[in-house]
Amino acid sequence: MLDRYGRNIDYLRISLTDRCNLRCIYCMPEEGIRQIPRTELLDTDEIVRICKAASELGISRIKLTGGEPLVRRICTPLVKELKAIPGICQVTLTTNGILLGEQLPGLMEAGLDAVNISLDTLEETTFRKITRRDDFHQVLKGLRAALSYPSLKVKLNCVPTFQSDEELLQVAALARENPLHVRFIEMMPIGLGKEFTARGEEQIKSVLEKEYGSMTPTEEKLGNGPCHYYTLEKFTGRIGFISALSHKFCDRCNRVRLTSTGFLKGCLQFEDGADLKVLLRSGCSDGMLKETIEKVIYEKPVGHNFQEHKKGNEESHIMAQIGG
């Protein structure tokens, strides 16, 4: 479906939960956040019903996110149900990887198409500083499990904060030896992310090119979101950048977002949208649900301006830094 600015909106990101088993310094306070009662989260039937209505409006790709989506045990059966919806051609997952190793066989059987794994460093000490947890080897186990399935598309998300250049080079090198794409995600000034200075795309590219040679832009379509990719000589995978500030991509944004409590947002920055959970639990018809989703898509804002307007709720900054 086209919004009022002519953008084709075909991608829905769904946060399954506000909960996470890490406490990343740019995402969540060390003591955690005030957790949403489980009864306030959308259940499987509600998510599927929303996705069925959205698919009739042209949504064809769904990303499951969090928080950490795998802490909700509905994730695997939900993938199976979403894949069965006519018009939905791809269901993918963004995860920190801790629970991925044990859950991946079921997810693959359910039909998962791709996984994005968040990993900011290959140094265990730095991992502990960033995440405030000791689960580094569990994440590596999840990454190895993902790479063991040839049919599964694997991407790795890295948010540069205080890592050394050498650490960023190590992360990038995973795409040299493995069939995966490494994406560097620019820090967004939302929630705890406001406390960090974003390391821009050009700065990261300079570090990579000094070590690995020139980077050539590729026109390949390698994902559903705004990431743009480069090739490097002797690299199996690609290096990508999601740079919402330095390389603003609002003019080609193709996504809307559904929070874990059922609020549909046209743009991460703004609070405008529609509370679909209220509609569902008040007994709305399928027609009314579809009409409400259509209105949010059509009225999607033309663009963000995070530098001037930094309004956002807790779930927004959790969703923001994990990429598409």
Side-chain angles (χ1 to χ4, degrees), residues 12-24 26-28 32-33 35-38 40-48 50-51 61-83 88 90-120 127 130-149 151-159 180 183 185 223-225 257-262 314-315 317-324:
L12 173 62
R13 290 176 58 95
I14 302 174
S15 173
L16 295 186
T17 179
D18 61 326
R19 291 167 169 78
C20 188
N21 43 10
L22 295 180
R23 293 292 181 269
C24 294
Y26 52 77
C27 185
M28 191 181 292
I33 60 174
Q35 293 184 338
I36 299 168
R38 293 186 186 278
E40 295 302 311
L41 301 178
L42 292 177
D43 63 28
T44 300
D45 291 341
E46 290 169 330
I47 295 171
V48 170
I50 289 169
C51 290
R61 296 168 174 83
I62 295 172
K63 169 81 72 182
L64 301 179
T65 73
E68 170 51 44
L70 295 181
V71 301
R72 282 195 80 182
R73 292 294 177 172
I74 69 169
C75 199
T76 295
L78 178 60
V79 169
K80 185 174 182 178
E81 291 204 47
L82 295 178
K83 287 283 289 186
I88 300 300
Q90 190 178 73
V91 177
T92 65
L93 174 76
T94 290
T95 174
N96 60 34
I98 293 173
L99 300 174
L100 186 61
E102 65 184 66
Q103 295 190 34
L104 193 53
L107 288 164
M108 292 302 295
E109 187 175 343
L112 185 69
D113 294 292
V115 63
N116 295 355
I117 300 172
S118 299
L119 181 60
D120 296 333
F127 179 91
I130 293 175
T131 66
R132 305 188 181 104
R133 294 294 185 267
D134 292 310
D135 295 301
F136 177 69
H137 293 287
Q138 284 298 108
V139 178
L140 292 186
K141 178 181 176 181
L143 176 58
R144 288 193 294 268
L147 290 171
S148 72
Y149 289 91
S151 64
L152 184 67
K153 298 176 182 177
V154 181
K155 297 174 184 174
L156 191 145
N157 294 337
C158 174
V159 180
L180 59 78
R183 295 112 56 80
I185 302 176
N224 300 322
R257 296 172 180 261
L258 182 67
T259 72
S260 62
T261 56
E314 290 175 336
E315 189 164 17
H317 73 74
I318 292 171
M319 296 167 69
Q321 310 297 355
I322 56 179

Exercise. Hey, mind stepping through Asn116 and Thr65 against side chain to side chain contact (heavy atoms under 4.5 Å, CB included) and telling me if it holds?
Worked result: CA-CA 10 Å; Asn116 295 355; Thr65 73; over 6 Å; no

Do [X] and [Y] come within less than 4.5 Å of each other through their side chains, counting heavy atoms only?
{"X": "Asp120", "Y": "Thr131", "value": "no"}
{"X": "Arg73", "Y": "Gln103", "value": "yes"}
{"X": "Leu78", "Y": "Val91", "value": "no"}
{"X": "Ser118", "Y": "Thr94", "value": "yes"}

Atom of [X], atom of [Y] and distance for their closest heavy-atom approach:
{"X": "Ala145", "Y": "Gly101", "value": "CB-CA, 4.1 Å"}
{"X": "Val79", "Y": "Gly111", "value": "CG1-C, 4.1 Å"}
{"X": "Leu16", "Y": "Cys75", "value": "CD1-SG, 4.0 Å"}
{"X": "Ile14", "Y": "Cys51", "value": "CD1-SG, 3.5 Å"}
{"X": "Gly66", "Y": "Ser15", "value": "O-OG, 3.4 Å"}
{"X": "Phe136", "Y": "Phe127", "value": "N-CE2, 3.3 Å"}

Taking [Y]'s backbone N and O only, do any of them form a donor-acceptor pair with [X]'s side chain (distance below 3.5 Å, no angle check)?
{"X": "Arg23", "Y": "Cys20", "answer": "yes"}
{"X": "Glu46", "Y": "Asp43", "answer": "yes"}
{"X": "Glu81", "Y": "Val48", "answer": "no"}
{"X": "Asp135", "Y": "Ile98", "answer": "no"}
{"X": "Arg61", "Y": "Arg13", "answer": "no"}

Going from [atom1] on [X] to [atom2] on [Y], what distance comes out if it is rounded to the nearest 0.5 angstrom?
{"X": "Thr95", "Y": "Asn21", "atom1": "OG1", "atom2": "CG", "answer": "7.5 Å"}
{"X": "Asn96", "Y": "Cys27", "atom1": "CG", "atom2": "SG", "answer": "10.0 Å"}
{"X": "Ile62", "Y": "Leu93", "atom1": "CD1", "atom2": "CG", "answer": "12.5 Å"}
{"X": "Ile185", "Y": "Tyr26", "atom1": "CD1", "atom2": "OH", "answer": "7.5 Å"}
{"X": "Thr76", "Y": "Leu107", "atom1": "OG1", "atom2": "CG", "answer": "3.5 Å"}
{"X": "Arg72", "Y": "Leu42", "atom1": "CZ", "atom2": "CG", "answer": "7.5 Å"}

Exercise. Can Cys24 and Val159 be said to form a side chain to side chain contact (heavy atoms under 4.5 Å, CB included), step by step?
Worked result: CA-CA 11 Å; Cys24 294; Val159 180; over 6 Å; no

Exercise. Is the number of heavy atoms from other residues, nucleotides or ligands within 6.0 Å of CD (Glu109) greater than 12?
Worked result: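 Count not over threshold, so no.
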
For this session: Report, as yes or no, whether the 6.0 Å neighbourhood of atom NZ on Lys83 holds more than 12 heavy atoms from other residues, nucleotides or ligands.
Result: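 Yes, NZ of Lys83 has more than 12 neighbouring heavy atoms, counting only those of other groups under 6.0 Å.
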
Exercise. What's the verdict on side chain to side chain contact (heavy atoms under 4.5 Å, CB included) for Gln90 and Lys153, showing C-alpha distance, side-chain angles and the deciding distance?
Worked result: CA-CA 11 Å; Gln90 190 178 73; Lys153 298 176 182 177; 4.2 Å; yes

Exercise. What residue among Leu152, Ile117, Val154 forms side-chain contact (heavy atoms from CB on, under 4.5 Å) with Leu147?
Worked result: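 Among Leu152, Ile117, Val154, the one that satisfies the side-chain contact (heavy atoms from CB on, under 4.5 Å) with Leu147 is Val154.
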
Problem set entry | Polar side chain donor-acceptor pair, Thr17 to Glu68, under 3.5 angstrom |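 No donor-acceptor contact under 3.5 Å links the two side chains.
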
